[in-house]
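Throughout, a chain's letter reflects where its sequence line sits, starting with A, and its residues are numbered from 1.
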4 protein chains.
Amino acid sequence: MIGADRPLRADARRNRARVLDVAAEAFATEGTTVPIDEIARRAGLGVGTVYRHFPTKEALFEAIVLDRIQRLAGTAQAARSDPDPGTAFFTYFTCLVEAGTVNKALFEALATAGGQVDTTALRAASGELLTALGDLLGAAQRAGAVRADVEPGDLQAMLAGALAMERAGAGPPGRMIAIVCDGLRAAPPH
Amino acid sequence: MIGADRPLRADARRNRARVLDVAAEAFATEGTTVPIDEIARRAGLGVGTVYRHFPTKEALFEAIVLDRIQRLAGTAQAARSDPDPGTAFFTYFTCLVEAGTVNKALFEALATAGGQVDTTALRAASGELLTALGDLLGAAQRAGAVRADVEPGDLQAMLAGALAMERAGAGPPGRMIAIVCDGLRAAPPH
Amino acid sequence: MIGADRPLRADARRNRARVLDVAAEAFATEGTTVPIDEIARRAGLGVGTVYRHFPTKEALFEAIVLDRIQRLAGTAQAARSDPDPGTAFFTYFTCLVEAGTVNKALFEALATAGGQVDTTALRAASGELLTALGDLLGAAQRAGAVRADVEPGDLQAMLAGALAMERAGAGPPGRMIAIVCDGLRAAPPH
Amino acid sequence: MIGADRPLRADARRNRARVLDVAAEAFATEGTTVPIDEIARRAGLGVGTVYRHFPTKEALFEAIVLDRIQRLAGTAQAARSDPDPGTAFFTYFTCLVEAGTVNKALFEALATAGGQVDTTALRAASGELLTALGDLLGAAQRAGAVRADVEPGDLQAMLAGALAMERAGAGPPGRMIAIVCDGLRAAPPH
DNA sequence: AATGAATGAGCATTCATTCAT
DNA sequence: CATGAATGAATGCTCATTCAT
């Protein structure tokens with residue numbers, strides 16, 4: 001057996017990256033209906049090349065979203081280091097929303113519990129991300145910075161909502177998120 | 001031009017209604033990807049009949065959403081009659097969100113600022129609806145029931161966000177909306 | 001429920017027949033690799049029309065072969081009426097081979113036990129045909145006109161062989177079949 | 001022109017042999033639809049290497065079949081040495097059929113008079129083979145072991161038929177061939 | 001000489017829309 | 001008016017073949 005994932009040749013890596021870029025842009029802007037032929041054309045490549053790198057349109061989409069999600073999961077570390085649990089949670093929450101705002105593909109993946117494309121890898125990655133956010137939530141709640149009646153299972157919905165608001169909103173980025181955050185801070189009804 | 005909207009023959013009216021019903025159900029459940037042929041089949045009609053009433057798939061979608069939105073705009077009257085401006089606003093807001101939650105087509109139209117389908121008529125109708133909501137907002141703000149830094153132009157985004165939350169959320173209907181409402185009640189930061 | 005298979009409109013029936021004709025010819029001559037687009041083109045129709053009548057390339061092929069096989073099964077009746085069991089069997093056998101000779105699609109279906117396309121309907125039809133032939137074989141054997149060591153299960157192979165011979169052979173039709181028939185008449189080795 | 005067939009480098013010869021082996025196996029088992037990429041993969045080589053040795057898929061197929069046919073032509077010598085002309089002919093005939101039975105590629109080439117692939121070299125080789133068989137036929141006929149109305153030109157068809165029978169037949173190898181042979185022995189009709 | 005990345009024509013199939021019956 | 005047959009552009013994907021590394 002030869003090394004299963006031998007590093008790609010220089011030009012191949014370039015092309016692969018090109019496809020990812022173009023596709024991310026296309027999916028982000030126009031949704032997943034953009035034809036693969038079109039993506040290939042914009043990347044200046046033949047269709048076959050796209051399919052060499054991603055065996056399926058679905059696989060291409062997954063690769064893009066996976067990449068974004070994994071980068072986001074990484075930034076959870078930074079947030080965790082904040083001494084104030086409330087700040088840590090709200091910072092990370094805001095960060096996730098803003099990331100989703102600029103990327104329609106990511107948006108779809110985050111917002112819809114298993115949107116069009118729903119693979120094991122994708123579920124795993126967003127699960128990881130939500131777990132990290134859930135941990136921050138717990139700490140913030142114990143510190144009294146977030147109302148107690150919010151559950152970790154609500155987080156995806158909160159994300160989806162904040163994302164949708166930002167996306168639909170007109171003002172400066174963060175304005176709508178702030179309102180959601182205030183809602184999370186509010187004392188629960190008694 | 002012959003009388004533009006001469007009253008339809010009885011059977012034609014019945015068919016038109018049948019198409020609207022079936023299509024609303026189909027779009028609400030499965031999104032706009034359902035083929036027209038399928039809608040015709042479910043309605044027990046030929047495709048041609050569908051096209052006689054709606055010249056385009058887009059037009060059919062628009063007609064459906066327009067109808068729902070107009071009905072919703074009507075319910076604003078009821079809300080306005082509530083003596084407490086705060087209750088009036090939150091009741092209507094919640095009502096709109098819940099309507100969108102059960103209807104994928106409406107959701108698309110409300111949530112996405114000019115989603116897939118964006119026509120003059122549609123914009124007019126949702127404008128009307130948002131104006132009504134905006135009026136309630138103003139009254140509620142003057143009564144101190146809603147924070148002052150929210151603008152009428154934010155309402156569509158708030159709706160979209162609350163819709164997305166409810167849709168993605170697991171708990172009993174209204175749970176997520178409540179958090180958004182609490183956010184709207186919160187005192188603005190100083 | 002409206003009559004499930006209401007008779008087709010005149011032009012539709014014409015088109016359907018046209019497709020069957022063209023496709024039979026094409027499959028017979030060039031094998032099943034002929035593109036559907038090409039079949040449509042030769043029939044002077046759009047691809048969509050072909051697909052309206054036959055939901056799949058496979059289905060089109062099946063329809064053709066099924067038709068031929070069913071016609072052949074019908075001719076078994078004629079053969080059965082021959083007073084001499086030997087003549088009856090050899091006549092029918094020859095008839096089957098000759099039918100297959102002129103039709104590559106039929107050839108494939110008869111010759112290969114479940115060739116490229118192998119559906120229930122197809123298996124049923126050729127099973128029927130082989131049963132009829134098997135009955136004639138039994139009678140012929142009891143009358144001493146066919147050697148005893150041939151079994152009904154051999155018939156498909158015999159057909160396939162005779163078909164291949166005729167197809168590859170140069171002389172007048174029937175020459176090669178005669179040799180196979182003589183082999184079937186021959187006394188088994190002792 | 002540089003020496004047309006300069007001896008290949010040792011590793012090149014090894015690779016060429018590997019491709020031939022793998023392709024023969026693949027074509028024999030799965031027919032000619034196996035992709036070249038797949039053959040390269042199974043041989044542990046790059047596609048380019050396959051194409052270096054065989055400029056075309058067709059050429060690869062031809063090379064394989066040519067090889068088998070030439071080997072078979074060689075075995076004619078052995079058959080010729082049999083003192084009884086009848087035995088010699090039937091032995092060789094049977095031998096050819098059995099060879100074709102186990103090899104789908106060879107089968108295609110032998111059974112179909114100029115099947116998918118039909119080149120000069122191929123025609124030459126199978127011509128040689130048929131000539132050898134034809135000689136044995138003549139001797140057998142002169143010795144009265146084979147009916148007189150069979151012509152050398154029928155041999156390919158006889159081969160094709162016997163092959164098809166064996167391939168479609170269920171029983172032990174040789175059973176169907178025997179019937180064809182009996183047919184060849186039978187006295188011609190008068 | 002070997003490799004495998006790139007190419008792009010080709011194919012089965014779907015679906016919005018038009019039009020003859 | 002209603003029907004559903006016909007149309008054909010569009011789409012995801014495959015695979016023989018070429019060519020840069």
Side-chain angles (χ1 to χ4, degrees), chain A residues 2 6 8-16 33-41 43-58 60, chain B residues 8-12 15-16 33-41 44-58 60, chain C residues 2 6 8-16 19 33-41 43-58 60, chain D residues 8-13 15-16 33-41 44-58 60:
Chain A
I2 315 181
R6 181 173 357 173
L8 285 170
R9 238 164 56 185
D11 58 344
R13 198 167 49 236
R14 218 178 11 257
N15 284 340
R16 192 190 143 96
T33 61
V34 189
I36 288 279
D37 294 57
E38 179 59 22
I39 290 176
R41 210 185 51 70
L45 297 169
V47 233
T49 306
V50 175
Y51 276 97
R52 161 170 282 272
H53 288 292
F54 307 96
T56 281
K57 193 183 186 183
E58 214 180 29
L60 173 57
Chain B
L8 289 168
R9 244 168 50 184
D11 58 343
N15 284 343
R16 192 190 142 93
T33 61
V34 189
I36 290 281
D37 295 60
E38 180 60 20
I39 289 175
R41 209 184 52 72
L45 299 169
V47 236
T49 307
V50 176
Y51 274 93
R52 164 163 293 274
H53 290 292
F54 307 95
T56 278
K57 193 183 186 182
E58 213 178 29
L60 172 57
Chain C
I2 316 179
R6 179 173 1 171
L8 285 170
R9 238 165 54 187
D11 58 344
R13 198 168 48 237
R14 217 178 12 258
N15 284 340
R16 193 190 141 96
V19 170
T33 61
V34 190
I36 290 280
D37 293 58
E38 179 60 21
I39 290 176
R41 210 184 52 71
L45 298 168
V47 234
T49 306
V50 176
Y51 275 95
R52 161 168 282 272
H53 290 292
F54 307 96
T56 280
K57 194 183 185 182
E58 213 179 29
L60 172 56
Chain D
L8 289 168
R9 243 168 52 184
D11 58 343
R13 199 168 49 238
N15 283 342
R16 192 189 143 94
T33 61
V34 188
I36 289 280
D37 295 60
E38 179 60 21
I39 289 174
R41 211 185 50 71
L45 299 169
V47 235
T49 308
V50 176
Y51 274 93
R52 163 165 292 272
H53 289 292
F54 307 95
T56 280
K57 194 183 187 183
E58 214 180 29
L60 173 56

Drop me the distance from [X]'s [atom1] to [Y]'s [atom2], to the nearest 0.5 angstrom.
X	Y	atom1	atom2	answer
R41(A)	E38(A)	CZ	CD	4.5 Å
R52(D)	L45(D)	CZ	CG	12.5 Å
L60(C)	H53(C)	CG	NE2	11.0 Å

Kindly say whether V34(C) contributes a backbone atom to a donor-acceptor pair with the side chain of K57(C) at under 3.5 angstrom?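 Between the backbone of V34(C) and the side chain of K57(C) there is a qualifying donor-acceptor contact (under 3.5 Å).
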
Within the 4.0 Å limit for protein heavy atoms, which parts of nucleotides 13-21 of chain F are touched? Write it as a string from 5' to 3', B for base, S for sugar-phosphate only, - for none. BB-BBB---

Which dot-bracket notation, 5' to 3', represents the base pairing of DNA chain F when pairs are defined as Watson-Crick or G-U with both distances under 3.5 Å, crossing pairs as [ ], and inter-strand pairs as |? .||||||||||||||||||||

Of V50(A) and R52(D), whose closest DNA chain E nucleotide lies nearer the 5' terminus?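 Comparing both residues, the 5'-ward one is R52(D).
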
Need to verify one output field. Residue with the more 5' nearest nucleotide on DNA chain E, L45(A) or T49(D)?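 The residue whose closest nucleotide sits nearer the 5' end is T49(D).
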
Taking only N and O in the side chain of H53(B), is any of them less than 4.0 Å away from OP1 or OP2 of dC1(F)?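 Answer is no, no contact under 4.0 Å.
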
Check the phosphate of dA1(E) against N15(D), side-chain N and O only, distance under 4.0 Å to OP1 or OP2. Yes or no?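 Checking dA1(E) against N15(D), no side-chain N or O comes under 4.0 Å of OP1 or OP2.
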
Non-hydrogen atoms of V50(B) and A40(B) that approach each other most closely: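 Nearest heavy atoms, V50(B) then A40(B): CG2-CB, 3.8 Å.
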
Mind checking whether T49(C) and V19(C) have side chains closer than 4.5 Å, heavy atoms only?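 No. Closest side-chain heavy atoms not under 4.5 Å.
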
